[in-house]
Chemist: 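Here you go, one structure.
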Amino acid sequence: QVQLAESGGGLVQPGGSLRLSCAASGSIFSFYAMGWYRQTPGKQRELVAAIRRTGSTNYADSVKGRFTISRDNAKNMVYLQMNSLKPDDTAVYYCNANPYGAPPDYWGQGTQVTVSS
């Protein structure tokens, strides 16, 4: 069982930045992938960014060039640096761990990000 805890959400003005952090309960060194997803009321949870064991990354088109995902295997942490934030980025952001490239995967409790003036 993997436990994940997100932090770093909050209220930010358009154009601002936030860094989300995800702390895992154990070693993530061998995990196939770690990712960040987001969800707004009435919509499905969507992938924002993912980083694989190899270090390769992929991003939703809507955040490319603005968000950066990274992982620190030594600290069992995953980060999402979010720059040039827009109101459309407002959502609950969830950390995801996919140890095997197949189910099961694991989720954190989510952290709210609100972009508003």
Side-chain angles (χ1 to χ4, degrees):
Q1 188 78 10
V2 178
Q3 294 181 327
L4 304 171
E6 303 96 336
S7 61
L11 174 64
V12 63
Q13 292 187 343
S17 298
L18 282 176
R19 188 175 84 150
L20 304 183
S21 299
C22 173
S25 59
S27 175
I28 64 169
F29 177 77
S30 64
F31 281 16
Y32 175 78
M34 300 288 298
W36 287 95
Y37 288 70
R38 66 187 181 187
Q39 189 171 24
T40 55
K43 292 188 177 181
Q44 288 192 333
R45 195 171 294 187
E46 64 172 0
L47 175 67
V48 176
I51 183 166
R52 293 169 187 77
R53 183 170 54 232
T54 59
S56 66
T57 59
N58 62 282
Y59 296 91
D61 287 343
S62 59
V63 307
K64 283 181 181 176
R66 300 188 297 122
F67 291 12
T68 303
I69 188 171
S70 60
R71 61 195 282 176
D72 186 334
N73 291 330
K75 296 182 178 179
N76 300 321
M77 297 289 293
V78 180
Y79 305 99
L80 185 68
Q81 178 66 42
M82 305 187 294
N83 299 328
S84 302
L85 282 160
K86 304 175 182 179
D88 284 350
D89 296 318
T90 296
V92 178
Y93 284 71
Y94 295 90
C95 181
N96 173 269
N98 186 344
Y100 312 111
D105 55 359
Y106 302 91
W107 297 91
Q109 81 288 350
T111 186
Q112 176 71 47
V113 172
T114 302
V115 184
S116 175
S117 55

Chemist: Between N76 and S27, is the side chain to side chain contact (heavy atoms under 4.5 Å, CB included) condition met? List the steps.
Modeler: CA-CA 6 Å; N76 300 321; S27 175; 4.1 Å; yes

Chemist: Determine, for F31 and R53, whether the Lys NZ or Arg CZ falls below 6.0 Å from the six-membered ring centre while staying within 45 degrees of the axis.
Modeler: no

Chemist: If you round to the nearest 0.5 Å, how far is OG of S116 from CD of Q13?
Modeler: 8.5 Å

Chemist: For the atom pair CD (Q112) and CG (L11), what is the distance rounded to the nearest 0.5 Å?
Modeler: 9.5 Å

Chemist: If you count the non-hydrogen atoms of other residues, nucleotides and ligands that lie under 6.0 Å from OH in Y32, is the total more than 12?
Modeler: no

Chemist: Under 4.5 Å between side-chain heavy atoms, hopping through other hydrophobics if needed: is there a path connecting W107 to L20?
Modeler: no

Chemist: Closest heavy-atom contact between A5 and Q109?
Modeler: CA-OE1, 3.7 Å

Chemist: Report yes or no: does D105 contribute a side-chain atom to a donor-acceptor pair with the main-chain N or O of A97 at less than 3.5 Å?
Modeler: no

Chemist: Got M34 and I28 here, is their nearest side-chain heavy-atom distance under 4.5 Å?
Modeler: yes

Chemist: Same cluster for I69 and M77 if Ile/Leu/Val/Met/Phe/Trp/Tyr side chains link at under 4.5 Å?
Modeler: no

Chemist: Does one hydrophobic cluster hold both L80 and Y94, with members joined at side-chain heavy-atom distances below 4.5 Å?
Modeler: no

Chemist: Within this structure, what is the CG-OG1 distance for the pair N83 and T68, rounded to the nearest 0.5 Å?
Modeler: 6.5 Å

Chemist: Please check if the side chain of S25 supplies one atom and the backbone of Q3 the other of a donor-acceptor pair under 3.5 Å.
Modeler: yes

Chemist: Would you say the side chains of Y37 and R45 form a donor-acceptor pair under 3.5 Å?
Modeler: no

Chemist: Does the side chain of R52 come under 3.5 Å of the side chain of N58 through a donor N or O and an acceptor N or O?
Modeler: yes

Chemist: Considering non-hydrogen atoms only, spot the tightest contact between Y93 and E6 and give its length.
Modeler: O-OE2, 4.0 Å

Chemist: Measure across L47 and A49 and return the closest heavy-atom pair with its distance rounded to 0.1 Å.
Modeler: CD1-O, 3.5 Å

Chemist: Minimum heavy-atom separation for A91 and R38, please, with both atom names.
Modeler: CB-CB, 3.8 Å

Chemist: Do you know which two heavy atoms are closest between S84 and S17, and how far apart they sit?
Modeler: N-OG, 4.3 Å

Chemist: Over all heavy atoms of both residues, which pair between W36 and S21 is shortest? Give the atoms and the distance, please.
Modeler: CH2-O, 3.6 Å

Chemist: Test of understanding: with ring-ring contact (aromatic ring centres under 6.0 Å, His included), list the residues that count as partners of Y79, not counting sequence neighbours.
Modeler: none

Chemist: Salt bridge between K86 and D89, side-chain N to carboxylate O under 4.0 Å?
Modeler: no

Chemist: Say whether V115 and L18 are linked into one hydrophobic cluster, either directly or through other cluster members, by side-chain heavy-atom distances under 4.5 angstrom.
Modeler: yes

Chemist: With side-chain hydrogen bond (donor to acceptor under 3.5 Å, both in side chains) as the criterion, how do S56 and T54 come out once you've worked through the C-alpha distance, each side chain's angles and the decisive distance to 0.1 Å?
Modeler: CA-CA 6 Å; S56 66; T54 59; 3.2 Å; yes

Chemist: Is there side-chain contact between S30 and P99, with at least one heavy-atom pair below 4.5 Å?
Modeler: no

